Participant: 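Right, I'll just put the structure down here and ask away after.
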Number of protein chains: 2
Amino acid sequence: MIDFGAPEPLYRQVADLLRQRIESGEYPPRTAIPSIVKLTAELGVAEVTVRKALDMLKREGLLITTPGRGTFVAQH
Amino acid sequence: MIDFGAPEPLYRQVADLLRQRIESGEYPPRTAIPSIVKLTAELGVAEVTVRKALDMLKREGLLITTPGRGTFVAQH
DNA sequence: GCCCATTTGTACGTATGTATG
DNA sequence: GCATACATACGTACAAATGGG
């Protein structure tokens, strides 16, 4: 999944992976994606790396977060 | 300058401060602003906080960075 | 061409605050 | 009150690019 030797930055790899899961329907619209802690554990990267990837996708309008609730796939 | 007790997040306060300096002409177009290390020392916040503020201004198109050279004010 | 200082980029860990249920 | 989840903020380390000597 994540290639630690690749020249591509980890946060971009994570963003690409999540973008793919959203577009493939694995993470359907209006549902919560796994929490930051769970993504961190699954992918084997640091929390800040996952957060940076999520920030990108939020700016792109693919994700919406609500503190205390979770991170949700935007309707598309 | 920076109000550590304010409800406003520090990174937003830093971004606002730099935006003000750009708009006032204190940081003129096409010139380099102080380095991250210097801003960190001047403002008394963490490097990550300055970086987050700079990232915002880069996305807004106010700043352009060149690794190894510095951070420059965009022409406006 | 080669070091070296400077500067930005990426990435790790950790702690505390705030919101939700 | 408590567990979960995101937000903010600190410190640190190393890589890569640039420019000067």
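Letters A, B, ... mirror the listed sequences (proteins, then strands); counts begin at 1. This one's a predicted model, so the numbers in the text were calculated from it and none came from an experiment.
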Participant: Only one of B:K58, B:R51, B:K52, B:R59 forms a side chain to side chain donor-acceptor pair (under 3.5 Å) with B:D55, so which one is it?
Facilitator: B:K58
Participant: List in chain and number order the residues that pass side-chain contact (heavy atoms from CB on, under 4.5 Å) with B:V37, two or more places apart in sequence or in another chain; answer none if no residue qualifies.
Facilitator: B:S35, B:E47
Participant: Can you name the side-chain contact (heavy atoms from CB on, under 4.5 Å) partners of A:A32, sequence neighbours left out?
Facilitator: A:F72
Participant: Do the side chains of B:L10 and A:V48 join up, straight or via other hydrophobic residues, at under 4.5 Å, putting them in one cluster?
Facilitator: no
Participant: Does CD in B:E60 sit with more than 12 non-hydrogen atoms of other residues, nucleotides or ligands closer than 6.0 Å?
Facilitator: yes
Participant: Counting only heavy atoms and a strict 4.0 angstrom limit, can you tell me which residues of residues 22-43 of chain A come near DNA chain D?
Facilitator: A:S35, A:I36, A:K38
Participant: Atom CG of A:L43 and atom CD1 of A:I2: how far apart are they, to the nearest 0.5 Å?
Facilitator: 5.0 Å
Participant: Nearest 0.5 Å please: distance from the CD1 atom of B:I22 over to the CG atom of B:L17.
Facilitator: 10.0 Å
Participant: Please evaluate residues A:V73 and A:L62 with respect to the criterion side-chain contact (heavy atoms from CB on, under 4.5 Å), reporting the C-alpha separation (whole Å), side-chain torsions for both, the decisive distance (0.1 Å), and the verdict.
Facilitator: CA-CA 6 Å; A:V73 179; A:L62 274 76; over 6 Å; no
Participant: Measuring from B:R69:CZ to B:I64:CD1, what's the distance to the nearest 0.5 Å?
Facilitator: 11.5 Å
Participant: For A:E26, give me all partners under side-chain contact (heavy atoms from CB on, under 4.5 Å), at least two apart in sequence or on another chain.
Facilitator: A:R21, A:S24
Participant: Can you give one letter per nucleotide of nucleotides 10-21 of chain C, going 5' to 3': B for a protein heavy atom under 4.0 Å from the base, S for sugar-phosphate only, - for none?
Facilitator: BSBS-----BBS
Participant: Earliest and latest nucleotide of DNA chain D, 5' to 3', sitting under 4.0 Å from a non-hydrogen atom of chain B?
Facilitator: D:dT8 to D:dG19
Participant: Return the value, rounded to whole Å, for the distance between atom CD1 of B:I64 and atom P of C:dT7.
Facilitator: 19 Å
